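Shown next, in C-alpha cells, is the structure this report addresses.
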2 protein chains.
Amino acid sequence: MTVTIYDVAREAGVSMATVSRVVNNNPNVKPQTRKKVFEAIERLGYRPNAVARGLASKKTTTVGVVIPDISNMNLAEIARGIEDIATMYHYNIILCNADKKKDKEIRVINTLLEKQVDGLLFMGGTVTDEHIQAFKTSSVPIVLCATTDDNNTIPAVDIDHQQAAYDAVKLLVDSGHRKIGMISGTLQDPSLGFARYQGYKQALEESAIPFNENYVRVGNYKYESGIEAMKYFLALEDRPTAVFAATDEMAIGAIHAIQDAGLKVPEDISVISVDNSRMASMVRPQLTTVAQPMYDIGAVSMRLLTKLMNKETTDQTKYVLPHTVIERQTVGQV
Amino acid sequence: MTVTIYDVAREAGVSMATVSRVVNNNPNVKPQTRKKVFEAIERLGYRPNAVARGLASKKTTTVGVVIPDISNMNLAEIARGIEDIATMYHYNIILCNADKKKDKEIRVINTLLEKQVDGLLFMGGTVTDEHIQAFKTSSVPIVLCATTDDNNTIPAVDIDHQQAAYDAVKLLVDSGHRKIGMISGTLQDPSLGFARYQGYKQALEESAIPFNENYVRVGNYKYESGIEAMKYFLALEDRPTAVFAATDEMAIGAIHAIQDAGLKVPEDISVISVDNSRMASMVRPQLTTVAQPMYDIGAVSMRLLTKLMNKETTDQTKYVLPHTVIERQTVGQV
DNA sequence: CTGTTAGCGCTTTCAT
DNA sequence: ATGAAAGCGCTAACAG
C-alpha cells in the first residue's frame with residue numbers, strides 16, 4: 001500500500017542502494033540509471049520515509065525550539081528568524097511553548113531529545129542547574145537564545161537588557177533630567193524585569209543621581225499598569241520629569257496618564273522605553289524607545305546551532321547583539 | 001554508547017518486549033517486574049527513541065502546521081491555540097512558514113508528509129487545485145485553518161470575514177451613517193482583502209446605500225496606508241462621515257489623519273475596523289472594532305484534527321467561529 | 001558505478 | 001505475564 005524504496009528498486013530494475021543514492025543525490029550513479037530510477041519514482045509516486053531515514057542515518061534534520069510563548073510579539077519575531085535560517089539549512093522546527101515554567105521546560109526538552117532532534121534552541125527564563133542537568137543528557141548541541149545563563153557555559157546569543165535600559169536612562173540624563181522614574185516589570189523576571197531595573201540604577205549611579213524608591217513602580221508589562229504607575233508618580237509632591245518604562249505598552253499607558261492629567265509629553269514629562277514595537281510609531285507623540293534586533297537573535301542563534309550540528313569550528317559561541325535607541329518625540333530637554 | 005531498550009532488558013533481566021510494555025504503560029506486566037524495569041531505566045538513564053518507535057508503530061505523535069507567517073500577531077495567536085491543544089493530546093508541532101506562497105506551501109506539505117506527521121494543519125491563502133492534489137497524496141488527515149477553500153471539500157475551521165465586515169459596516173449604518181468609506185486591504189487577498197470588501201458592499205446594498213467608488217481606498221493593512229487613505233477621503237468635497245478599515249492599524253492611521261486635520265473622532269467622523277488587537281484599547285479614543293477568536297480557531301482546528309487522527313466519528317467537519325463587535329469610543333450617531 | 005548485507009531501536013504478533 | 005522473532009523503510013559499509 002505505501003510504496004517503499006524496495007518497490008522503486010524493483011520497478012526500476014536496480015537495487016535499493018542505487019535508489020537510495022539517487023534520492024540522496026549521490027553522484028556515483030550513471031545518468032541513465034538515475035533517469036530510470038526517477039521515472040520509477042514518478043510512476044509509483046514514491047515519497048521517502050524520513051523516519052526510516054532518521055533511524056538509519058541518525059539524523060532527523062529537525063531541531064527543537066523551546067520558547068516561552070509564541071503569541072508574544074517579540075518572541076514570534078525571534079521564531080521567524082529561527083525558522084527562516086532553519087529552512088535555509090534544510091532543517092525543520094519542532095516548536096514547544098513552555099511559558100518560562102521550569103517543569104514544562106524540562107519536560108519538553110526531554111520530549112524533544114526523545115524525538116532525536118539534531119539540535120536544540122532554548123528560550124526560557126533563567127537557566128538553572130536543573131536545566132544544565134537536562135542539557136547534559138543531550139548528545140546534540142544546544143544553544144540558548146535570548147535567555148540569561150548564570151553559569152554561562154552554554155553557547156548563547158542574547159541582547160544586553162541591562163545595557164539597553166542603561167542607554168535609555170542615559171538619554172534622559174543627557175537631556176538634563178535628574179528626577180527620573182521607572183516603571184519596571186516584575187523584578188523576579190531576570191531579563192525584562194531585573195536586568196532593566198539594574199540598568200536604570202546603573203545609569204543613575206554613574207550620573208550621581210541618588211536613588212529614590214518612590215520613583216520606581218513595578219508593573220506587569222501591560223498598558224493598564226503603565227497608567228497606574230504614572231498616576232502614582234503624578235500624585236507625588238516632587239514628581240519625576242522623565243519616566244523610563246520597561247516596555248512600550250507601559251510607556252504608552254504612562255503617556256496617556258500624563259495627557260489625562262492635562263500635561264504634555266515631552267514638554268512636561270519625558271517618556272522612554274524599550275521594545276520598539278509597531279505601536280511605538282503609532283501613538284502621538286511617537287515613542288522614543290530602544291530597539292532590539294529580535295529577528296536577528298533568532299537568526300543568529302539558529303545559524304550558530306547549524307554550525308555546531310555540523311561540527312564546524314566556531315570562532316565564537318557567545319553573541320550579544322546590539323540594540324539601538326530610536327529617538328522619536330517623547331523625550332525633551334529639561 | 002546510547003542506551004537502548006535492549007540494554008535495559010539485559011540490565012533488568014527481562015526481554016525487550018517487557019521493557020517496551022512498561023515504557024508504553026501496558027497493564028500486562030507484574031508490578032514487581034515493572035519496578036525492576038523502572039529501576040534499570042533509571043540506572044542506565046534510558047531515553048526511548050521516538051524515531052525508532054515511529055518507524056515500528058507508524059505513528060510519530062507529531063503534526064505538521066503550515067502557517068503564512070508566525071511573526072504576524074493574529075497568526076501567532078492561532079498558533080498558540082494549536083500548540084496548547086496539541087500538547088494536551090500529546091502531540092508535537094512542526095511549524096513551517098510559507099508566506100501564502102503556493103510553491104512554498106506545496107513544498108512544505110510534502111516535507112511534512114515525508115516526516116510522517118500524523119496529521120496536517122494548513123493555513124495559507126486560497127486552497128487551489130494544486131493544493132488539493134498535494135493533499136490527496138496524503139494518507140493522514142488534514143484540516144484547514146483560517147483558510148478559504150473554494151472546493152469546500154476538506155475539513156476546516158474558519159471565521160466569516162465577510163460577515164465580520166458586514167457587521168461592522170452595519171453598525172455604522174445603524175448609527176445613521178450613509179456616507180461610509182472603506183479602507184480595504186488588497187483585493188487579491190481572499191480573506192482579509194476581498195471578503196471584507198464584499199461585506200462592506202453587502203451592507204451598503206442591503207441598506208440601499210449606493211456604492212461610491214470614491215469611498216473605497218486600497219491600503220496595505222499598515223498604519224501609514226490608513227493615514228494616506230484617510231487623507232484622500234478628507235480631501236473629497238463630499239467626504240464620508242464614517243470609515244470602515246479592514247484592520248486596526250489602518251483604522252488608527254485614519255484616526256490620526258482625522259485628528260491632524262483638526263477634526264474629532266467620533267464627533268466628526270466615525271471609525272470602525274476589525275481585529276481587536278491590543279492596540280485597539282491603547283489609542284485615544286479607544287477603537288470600536290470586531291474581534292475574531294484567533295486562539296479558538298487554532299484550538300478548535302487542532303481538536304478537530306486529533307479526532308480525525310483518532311478516527312473518531314465527527315459530527316462536524318466545518319466550523320465557522322463567531323466574531324463579536326466590540327463597541328468602544330470611535331463610532332458616534334449622526 | 002552498482003549490489004549485498006547488516007543493522008538503526010522499537011513495536012507487535014504469536015507462542016508459551 | 002513474559003519471551004522470541006519478524007519486521008518498519010532506509011542508510012552505509014563493503015564487495016565487486
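What you are looking at is a predicted structure, and each value in this text was computed from that prediction instead of being measured. Letters go in sequence order (proteins before strands), and every chain restarts at 1.
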Strictly below 4.0 Å: does A/T18 bring a side-chain N or O up to OP1 or OP2 of C/dG3? yes
Where the side chain of B/A17 is concerned, which of C/dC1, C/dT12, D/dT2 is the nearest nucleotide? C/dT12
So B/V19, base contact, sugar-phosphate only, or nothing? Heavy-atom distance under 4.0 Å. nothing
Assign B/V23 to base, sugar-phosphate, or nothing according to its heavy-atom contacts below 4.0 angstrom with the strands shown. nothing
Which atom pairs link the protein and nucleotides 8-10 of chain C when you take only N or O atoms and keep those under 3.5 Å?
from	atom 1	to	atom 2	distance (Å)
C/dC8	O3'	A/K58	NZ	3.2
C/dC8	O2	A/A56	N	3.2
C/dG9	OP1	A/K58	NZ	3.0
C/dG9	OP1	B/T2	OG1	3.4
C/dG9	N2	B/A52	O	3.4
C/dC10	OP1	B/Y46	OH	2.4
C/dC10	OP1	B/N49	N	3.1
C/dC10	OP2	B/I5	N	2.4

Would you say the side-chain atoms of [X] and [Y] include a donor-acceptor pair closer than 3.5 Å?
X	Y	value
B/D189	B/S191	yes
B/T148	B/D150	no
B/R21	B/N28	no
A/N310	A/Y89	no

Sorted by first residue and then second, give each ring pair (Phe, Tyr, Trp, His ring centres under 6.0 Å) pair with at least one member in residues 39-72 of chain A; sequence neighbours left out. none
Any Lys/Arg nitrogen of B/D84 or B/R80 sitting under 4.0 Å from an Asp/Glu carboxylate oxygen of the other? yes
Interatomic distance, CG@B/L75 vs CE@B/M294, rounded to 0.5 Å, equals 7.5 Å
Anything under 3.5 Å between a protein N or O and an N or O of nucleotides 14-16 of chain C, put it in a table, one pair a line.
none

Check side-chain contact (heavy atoms from CB on, under 4.5 Å) between B/M309 and all other residues, then give those that pass, not counting sequence neighbours. B/V63, B/Y91, B/D118, B/P141, B/M302, B/L305, B/T306
In this structure, how many angstroms lie between the [atom2] atom of [N] and the [atom1] atom of [X], rounded?
X	N	atom1	atom2	result
A/Q116	D/dC10	CD	P	19 Å
A/K59	D/dT11	NZ	P	13 Å
B/R34	D/dA1	CZ	C1'	11 Å
A/N28	D/dA13	CG	C1'	14 Å
B/R10	D/dG3	CZ	C1'	16 Å

Indicate yes or no for a side-chain donor-acceptor contact from B/T111 to the backbone of B/R107 under 3.5 Å, with no hydrogens or angles considered. yes
For the pair B/K115 (side chain) and A/T61 (backbone), establish whether a donor and an acceptor sit closer than 3.5 Å, ignoring hydrogens and angles. yes
The helix from C/dC1-D/dG16 to C/dT16-D/dA1: angle between end helix axes, five pairs per end, rounded to 10 degrees: 30°
Using the test ring-ring contact (aromatic ring centres under 6.0 Å, His included), find all partners of A/H131 that sit at least two apart in sequence or belong to another chain. A/F122
